[in-house]
Amino acid sequence: MRVNVKLFAVLRERAGKGELLLELGEGETVRGAAVVLGEREPGIANYLSRVAFAVNREYVPGETVLRDGDELAVIPPVSGGVG
Amino acid sequence: MRVNVKLFAVLRERAGKGELLLELGEGETVRGAAVVLGEREPGIANYLSRVAFAVNREYVPGETVLRDGDELAVIPPVSGGVG
Amino acid sequence: MGRGWVEIISTPLDVDLATKSVQEADVGGIVVFLGTTRAEKNADGRELIALDYEAYPEMALAQMRKLADLAYEKWPVGELALLHRVGRVRVKEPSVIIAVATPHRADAFEACRWMIDELKKSVAIWKKEVWADGSRSWVHPES
Amino acid sequence: MGRGWVEIISTPLDVDLATKSVQEADVGGIVVFLGTTRAEKNADGRELIALDYEAYPEMALAQMRKLADLAYEKWPVGELALLHRVGRVRVKEPSVIIAVATPHRADAFEACRWMIDELKKSVAIWKKEVWADGSRSWVHPES
């Protein structure tokens, strides 16, 4: 199955892209996808233990099982709102 | 001695004036001046137990002794600020 | 001390002007409070159209000035504006605008809240309700 | 629910517009919060000139929408505006404006404070410091 990965902020810059497709085995979890992502994009691998994940625009825990076509966003600590 | 009395809001309207001169004996207190004021302006007499007083633009207790030329303001409960 | 913009004003208050007056480079949080005339209907169906504000201007201004000075002492205020309108303030219009700018937002919230609470308690300003049928009545909360 | 003005905007935020959008007849207290870019100098004397904000727009907007809906549930909000800017926000300019109008002021203060605190905690928006010497660095508070 395929999930569409979205990268933001420091991760987007380190990876040199904001979006990529990840080919995963059926039943793969978010945490498992992060491992595959770190292998594919070594520049961001050491960030991936300190980020949150959203699937289809909702925060999810690492054990969430992905489905074909999901949008998986890697969310570094947020810092909106104030200077 | 003379003090200059200032009336506001409901008191100003009831008395039909915002300012008057009160002739008082030496050593008169604010509380004493209020009694004289109530005799002079009966229309506001029954309000005078529920007001605060300011002498020369500072709140003062009723036992404050007045001096010639003081500005004595009768301050009904305030209601500034919000609708 | 005398810092900040403290004024009693007889024309409509301008939130944009008040905000810009505190929008300095060394602050990060700005809290602006507006107290506006709220539409009301009383028991017999009369509608409130405005509040008429009357001040003891010399005393009220000195009290507002003191509140501003105390806010500068109690919180790390960068800039503040404390403006009270007098005269007729129609429904939706602000009678008071308080703008406080501080380096961090918690202080701006606290200082702004404190100033409006104190202002309502003690500042020599009174309001009178003006109803659509022409009747009027003074508002004296504790009397 | 979908009440209130909730938007992510790439042009300068307008406090006057945000305030007027909540200034309705049935409210008496309006609290407006502005988060602005604060001038800073770091240890080696470099000066901050701006913050660049980046959003995951679809998620951030849905989160802001949800915060607004919750505010309507938790407090008797008449109207609110919750606006976040993206792109370059120079020193003094606001990156966020939250305006909340309620019948009584305590609720407006609480709801406004709650919304900015929640927004900072969870909404998918990031900022990068832009320094006068051209250097830049992402701000990731908990990392």
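Labels below follow one simple rule: chain letters A, B, ... track the order of the sequence lines, proteins then strands, and each chain is numbered from 1. Since this is a predicted model, take the numbers as computed values, not measurements.
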Item checked: Which portion of D/Ala106 sits near chain C, non-hydrogen atoms under 4.5 angstrom -> both

Notebook entry, point to check: Heavy-atom distance under 4.5 Å to chain C: side chain of D/Val91, backbone, both or neither?
Noted result: side chain

Notebook entry, point to check: When only pairs under 4.5 Å are counted, which of C/Glu93, C/Gln23, C/Arg113 shares the most heavy-atom pairs with chain D?
Noted result: C/Arg113

Check: chain D: which of C/Val31, C/Ile97, C/Ile98 shares the most heavy-atom pairs with it under 4.5 Å?
Finding: C/Val31

Notebook entry, point to check: Between D/Trp131 and D/Glu47, does any side-chain donor sit less than 3.5 Å from a side-chain acceptor?
Noted result: no

Give the table of side-chain donor-acceptor pairs shorter than 3.5 Å for residues 8-19 of chain D, with sequence neighbours excluded, one pair per line with atom names and distance.
from: D/Asp14; atom 1: OD1; to: D/Asp16; atom 2: N; distance (Å): 2.9
from: D/Asp14; atom 1: OD1; to: D/Leu17; atom 2: N; distance (Å): 3.1
from: D/Asp16; atom 1: OD1; to: D/Lys20; atom 2: NZ; distance (Å): 2.9
from: D/Asp16; atom 1: OD2; to: D/Lys20; atom 2: NZ; distance (Å): 3.2
from: D/Thr19; atom 1: OG1; to: D/Val15; atom 2: O; distance (Å): 2.7

Item checked: Check against salt bridge (charged side-chain N to carboxylate O under 4.0 Å, His left out), C/Asp117 and D/Arg105 -> CA-CA 10 Å; C/Asp117 288 351; D/Arg105 70 185 182 284; 2.8 Å; yes

Check: Is there a donor-acceptor pair under 3.5 Å between the side chain of D/Arg65 and the backbone N or O of D/Arg3?
Finding: yes

Check: Parallel under 30°, tilted from 30 to 60°, perpendicular over 60°: which one fits the rings of D/Phe33 and C/Phe109?
Finding: parallel

Next item on the list: Could you tell me whether the side chain of C/Ile30 reaches within less than 4.5 Å of the side chain of C/Val100, counting heavy atoms only?
Entry: no

Notebook entry, point to check: Would you call D/Glu40 and D/Arg38 a salt bridge, taking side-chain N to carboxylate O under 4.0 Å as the test?
Noted result: yes

Notebook entry, point to check: If you take all heavy atoms of C/Gly29 and D/Thr36, which pair is closest and at what distance?
Noted result: N-OG1, 4.4 Å

Next item on the list: Give me the contact list for residues 56-64 of chain C versus chain D, heavy atoms only, anything under 4.5 Å, ordered by residue number.
Entry: none

